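Read the numbers this way: they start at 1 and go in the same order the structure lists the ligands and their atoms. The model shown is predicted, which means the values in this text are computed figures rather than measured ones.
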Amino acid sequence: MPTYRIAPSILSANFARLGEEVTSVIAAGADLIHFDVMDNHYVPNLTIGPLVCEAIRPLTEAPIDVHLMVKPVDRIVPDFAKAGANIISFHPEASEHVDRTIGLIHDCGCKAGLVFNPATPLHYLDWTLGKLDLVLIMSVNPGFGGQKFIPTALEKLREVRRRIDASGREVWLEVDGGVKVDNIAEIARAGADTFVAGSAIYGTRDYQATIAAMRAELEKV
Ligand code: DX5
Ligand code: ZN
């Protein structure tokens, strides 16, 4: 069985008690904290920045997986690295120089990921896959939690899985948007190994039961 990782998105957490919401999902068995950064410019919503990343950093040893939905990208990368991010992913349309941004993220000591919106073609992988640590396939249009999974993401995941396997490199394949207990197995079968889930986890009372149910589904793959 591949290594599967569950990454709760704190976008759906209760921000009035964010620290507790971070520690409780990790105690419930999550592997990463997915940290959604929206700028009301690249996406139509405004969320959290490096200060919040810095504030939650001491609460867990789990990697903080920063998903930048911002334009421009480069200016904010060093700030997130200093704030303790482990992985920084960005959307290629939001960067003038994709290769440079990947290099910048690495120079800051973080792993680098490239994010594909539902309508973004995969050609951005042609000359970048050899440098990436993670590919993130969006299965909703970015900006909000609680949206419905867009099924074409499955075909895209299969294609990216094929490219990653052909590269012989260890690259995580993450999926983000509308991931639930009842579709996680199908998404894993399409090749994803890292699953962002916001509303599916934070919208339930018992985080441990939900994460265990996701893992039970993954066992069936
Ligand atoms: C959407 C964000 C997601 C979001 C997922 O733009 O990137 O990470 O929190 O939320 P759910 O799991 O509720 O679809
Ligand atoms: Zn996200």
Which atoms of ligand 1 sit under 4.0 Å from any heavy atom of [X]?
{"X": "A197", "result": "12 (O)"}
{"X": "D176", "result": "2 (C), 3 (C), 4 (C), 5 (C), 7 (O), 8 (O)"}
{"X": "M38", "result": "6 (O)"}

Nearest-0.5 Å distance, CD1 of residue I26 to OG1 of residue T60: 4.0 Å
To the nearest 0.5 Å, what is the distance between CG (L122) and CZ (R163)? 5.5 Å
If you apply the rule side-chain hydrogen bond (donor to acceptor under 3.5 Å, both in side chains), what do you find for D133 with H106, and how did you get there? CA-CA 10 Å; D133 304 290; H106 284 151; 2.8 Å; yes
Check all N, O or S atoms of H34 and name the one closest to the Zn ion (ligand 2). NE2
Can you check whether G146 has an N/O within less than 3.5 Å of an N/O in ligand 1? yes
Start with the C-alpha gap between S199 and K180, add the side-chain angles, then the distance that decides, and say whether side-chain hydrogen bond (donor to acceptor under 3.5 Å, both in side chains) holds. CA-CA 8 Å; S199 50; K180 310 279 176 205; 3.1 Å; yes
Can you pull out the closest protein heavy atom to atom 12 (O) of ligand 1? Residue, atom name and distance to 0.1 Å, please. G198 N, 2.7 Å
Identify the protein heavy atom lying closest to atom 1 (C) of ligand 1, giving its residue, its atom name and the separation to 0.1 Å. F144 O, 3.5 Å
Does atom CZ (R17) have a neighbourhood of more than 12 heavy atoms from anything else shown, all under 6.0 Å? yes
Ligand 1 versus S9: contacting region, heavy-atom distance under 4.0 Å: side chain
Which class fits the ring pair H67 and H91: parallel under 30°, tilted 30 to 60°, perpendicular over 60°? parallel
Among S89, S199, A200, closest by heavy atom to atom 13 (O) of ligand 1 is S199
Under 3.5 Å, is there a donor-acceptor pair between the side chain of D176 and the main chain of P142? no
Would you give the angle at the Zn ion (ligand 2) between D176 atom OD2 and H67 atom ND1, to the nearest 10°? 90°
